[in-house]
Enquirer: 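Got a structure for you, written out below as structure tokens; questions coming shortly.
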Amino acid sequence: MRPEVLNALFAPITAMTGIGPKQEKLFRFLLGRDETPRIVDLLLHLPASVIDRRQRPKINEAEIGAMVTLEVIVERHRPPPPGRSRAPHLVYCADDTGTVILTYFRTYPGQIEKLLPEGEKRYVSGTTQLFDGMLQMTHPDRVVDEEGFAKLTGIDAVYPLTQGLAITALRKAIAQALTKLPDLPEWIGADVLRRCKFPSFADALQRVHVPQELTDILPDGPFWSRLAYDELLAGQLALALVRAQLRRPAGDRNAGDGALRRKIIDALPYALTPSQQQASAAIADDLTQPVRMLRLLQGDVGSGKTVVALLAAAAVAEVGKQTALMAPTEILARQHVKTIAPLAERAGLTVAILTGREKGRERKDILARLESGEIDFLVGTHALIQDDVIFKSLALAVVDEQHRFGVRERLALTNKGNAVDVLVLSATPIPRTLVLTYFGDMDISELREKPAGRQPIETRTFSASRLQEIIDGVGRAVDSGKLIYWIVPLVEESEMDGPKLTNAEERFESLQQRFGDKVGLVHGRMRGPEKDAAMARFAAGETQILVATTVVEVGVDVPAATIMVIENAERFGLAQLHQLRGRIGRGSETSTCLLLYREPLGEIAKKRLTVIKDSTDGFRIAEEDLKLRGEGDVLGTRQSGLPGYRIARSEVHAQLITQARDEALRIMKDNPKLTGERGEALRCLLYLYERDEAISLLGAG
Ligand code: ADP
Ligand code: MG
């Protein structure tokens with residue numbers, strides 16, 4: 001139940017005066033809501049910038065092209081002559097230093113006369129211009145009388161708008177919404193309030209919407225920061241509540257005596273790196289605790305996450321339970337099986353794969369073996385979460401490339417067992433702040449060092465005008481037996497506007513003309529077996545050049561490939577370039593990555609290419625990516641701002657994210673049921689930022 005004190009804020013905006021059905025529709029659109037927006041939605045729609053109207057010169061001092069506010073007497077009107085409605089309506093105004101002409105186009109008869117009655121004093125605010133030697137102002141943004149002027153601060157908030165909605169209408173609605181703000185209890189702890197010098201929630205909202213100083217609306221200023229902190233605290237508290245629920249004792253211990261793990265380690269053709277050992281130990285420890293594991297295994301491409309996941313599965317199999325590994329693409333799922341199966345089988349583990357490609361009898365057979373418990377480790381795509389996939393005893397869910405899956409898919413998988421332990425693999429090193437915002441306080445293992453014997457990758461950039469040189473170079477590499485990826489940008493499988501395979505296919509054909517059947521092609525629109533065949537021919541060296549789209553982005557492992565050409569590199573994001581480049585440098589030979597860009601190169605694109613040229617450290621690249629593109633892109637969602645957050649921004653409020661996390665943890669320790677006065681206040685906060693699903697968990701358990 002929503003605290004009563006919030007009712008006024010959750011009233012529909014149509015309850016306010018002056019908001020009819022037409023405006024309601026515009027506000028829905030503006031605020032991105034399917035239903036009628038509430039007053040709180042309006043209040044949390046924060047300004048994008050401000051206009052400074054405080055410059056108040058005399059007419060003869062007014063700077064041309066500047067935003068000014070003039071105090072004038074209205075002298076006379078010159079409406080458009082009859083029959084010439086296109087001509088402007090002119091209003092001559094003056095002060096004791098000169099004359100200014102206000103011009104209005106397309107007005108209703110009488111409208112301007114009413115706004116600016118002859119002989120009266122008005123304050124007009126707008127941008128000045130010089131026309132025919134006269135000072136003019138076209139469509140002043142504000143015209144107010146003495147009384148109206150007294151209410152203005154001289155600084156106006158400017159908001160993101162939607163077509164059809166006037167800024168004045170939005171300002172009016174927000175001003176009215178501000179009057180509905182109830183007296184809310186303080187939910188931030190006294191120590192944090194003091195340390196951060198936060199104003200109250202009400203003051204913060206008031207000042208952001210009605211700024212007194214230009215700096216009042218800065219995201220890193222006290223007012224915006226207070227609101228961002230509230231939002232982050234609500235998010236962190238909700239995550240902590242969910243996690244406390246997930247972490248309830250599972251009762252089960254999901255790791256055995258280590259016998260199977262030892263067999264696998266003995267069968268490995270290499271030694272585990274120290275960070276692989278640490279990660280495996282941490283996971284084994286989690287698995288033996290009688291609480292659920294929630295661990296993120298982060299490691300750059302090629303850092304060897306798969307074997308860590310396999311060891312976790314072996315631990316689970318030691319107690320006769322099952323593991324599922326869900327990968328985002330079919331190629332990746334098959335790749336995993338290829339790495340995993342030979343090692344697993346040496347230890348007597350039964351591995352199977354289930355994707356959209358396993359059908360009919362084959363699928364039935366897999367499902368039967370899964371339900372009987374014969375299969376220890378099932379690898380697949382989201383085919384795994386179909387209803388008829390039933391495990392005998394699923395104990396561990398490994399989710400690869402997590403951010404490609406929604407929360408719903410993750411839950412669907414973990415719901416196939418009882419208190420399933422969760423291990424998330426991420427090859428996109430996620431900056432700590434983002435891990436916190438999205439996954440909450442997960443345990444994290446990082447694979448920092450690359451497996452021994454890896455050679456560095458040399459990266460160079462070229463203008464596309466040098467394509468011929470590059471092709472000649474590729475020719476020499478082919479002659480000396482090297483394997484080359486040739487990447488063209490494309491258009492993912494989900495792209496709406498139809499197949500646009502010209503890039504890949506054109507390049508394939510042009511390279512074929514020169515290199516004949518040494519060239520292969522793989523792209524997302526090929527059928528599974530075709531893709532596999534093309535990959536297999538390349539891995540076996542039958543084709544030496546593989547023209548590919550980003551389907552080779554994740555997980556594909558052909559250690560003998562040592563050269564990668566990326567066409568239109570400027571069109572890829574940093575994370576993507578890094579992922580792609582991770583396909584080479586996997587063997588013992590030096591690798592080279594050639595980035596071709598089309599000119600002219602934009603500022604951001606240039607910076608991106610420089611970052612990728614100078615660094616192979618995925619964590620550094622992710623941080624740079626965050627700076628250059630906004631955090632949405634790091635997670636591949638292509639939006640700016642923190643998805644799911646309206647006010648907080650990770651680049652500005654990183655510090656606050658950690659503080660909010662700490663405060664949430666303290667609350668969970670001191671007052672896990674959110675009781676008493678503080679508890680009530682925190683419930684208000686959760687409702688305000690719509691994290692109230694978390695409150696329902698308080699009732700359970
Ligand atoms: P990731 O999934 O982290 O990108 P993989 O698990 O696919 O990386 O591993 C990449 C390659 O490195 C595989 O061929 C794997 O066999 C190999 N590998 C993994 N760990 C080691 C190690 N400790 N030493 C040498 N090679 C390793
Ligand atoms: Mg991998």
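Side-chain atoms are counted along with the backbone in the values below, which use heavy atoms only and exclude waters and symmetry mates. Whatever order the structure lists them in is the order used to number ligands and atoms, beginning at 1.
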Enquirer: Is Ala271 touching ligand 1 with its side chain, its backbone, both, or neither, if touching means heavy atoms under 4.0 Å apart?
Expert: backbone

Enquirer: Can you sort out which atoms of ligand 1 are near Gly304, meaning under 4.0 Å from one of its heavy atoms?
Expert: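 Every atom of ligand 1 under 4.0 Å from some heavy atom of Gly304: 1 (P), 3 (O), 5 (P), 6 (O), 8 (O), 9 (O), 19 (C).
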
Enquirer: Measure the distances from the heavy atoms of Pro269 to every atom of ligand 1 and state whether one is below 4.0 angstrom.
Expert: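 Per 4.0 Å heavy-atom rule, Pro269 does not contact ligand 1.
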
Enquirer: Say whether Ser303 and ligand 1 are in contact under the criterion: heavy-atom distance to a ligand atom below 4.0 Å.
Expert: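 Yes, that is the case, since the closest heavy atom of the residue is under 4.0 Å from the ligand.
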
Enquirer: Once you round to the nearest 0.5 Å, how far does CD of Glu505 lie from OG1 of Thr549?
Expert: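 These two atoms lie 10.5 Å from each other.
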
Enquirer: Once side chain to side chain donor-acceptor pair (under 3.5 Å) is applied, what residue pairs with a partner in residues 385-395 remain, sequence neighbours excluded?
Expert: Arg363-Gln386, Arg363-Asp388

Enquirer: Report, in ascending order of atom number, the atoms of ligand 1 lying under 4.0 Å from any heavy atom of Arg586.
Expert: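 Every atom of ligand 1 under 4.0 Å from some heavy atom of Arg586: 4 (O), 10 (C).
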
Enquirer: Name each donor-acceptor pair under 3.5 Å that joins a side chain in residues 344-355 to protein atoms two or more places apart or in another chain, with its distance.
Expert:
residue	atom	partner	partner atom	Å
Thr355	OG1	Arg334	NH2	3.2
Thr355	OG1	Arg357	N	3.0
Thr355	OG1	Glu358	OE1	2.9

Enquirer: State, to 0.1 Å, how close Ile566 and Cys593 come at their nearest heavy-atom pair, and which atoms those are.
Expert: CD1-SG, 4.2 Å

Enquirer: Under 4.0 Å from any heavy atom of Thr306, which atoms of ligand 1 are there?
Expert: 2 (O), 5 (P), 6 (O), 7 (O)

Enquirer: Would one find more than 12 heavy atoms of other residues, nucleotides or ligands at under 6.0 Å from atom NZ of Lys518?
Expert: no

Enquirer: Decide whether an N or O pair under 3.5 Å exists between Gly299 and ligand 1.
Expert: no

Enquirer: Does CG in Asp517 sit with more than 12 non-hydrogen atoms of other residues, nucleotides or ligands closer than 6.0 Å?
Expert: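 Atom CG in Asp517 is not crowded, with 12 or fewer foreign heavy atoms closer than 6.0 Å.
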
Enquirer: When you compare ligand 1 with Thr339, is there at least one nitrogen or oxygen pair between them that comes in under 3.5 angstrom?
Expert: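 No - when backbone and side-chain N and O of Thr339 are compared with those of ligand 1, no distance drops under 3.5 Å.
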
Enquirer: Heavy-atom distances under 4.0 Å are what count here, so tell me which part of Leu272 touches ligand 1: side chain, backbone, both or neither.
Expert: backbone

Enquirer: Determine, for Glu330 against Lys531, whether the closest basic-nitrogen to carboxylate-oxygen distance falls under 4.0 angstrom.
Expert: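 Salt bridge: no.
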
Enquirer: I need the atoms of ligand 1 closer than 4.0 Å to a non-hydrogen atom of Thr273, numbered in the order shown.
Expert: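 What qualifies from ligand 1 is 23 (N).
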
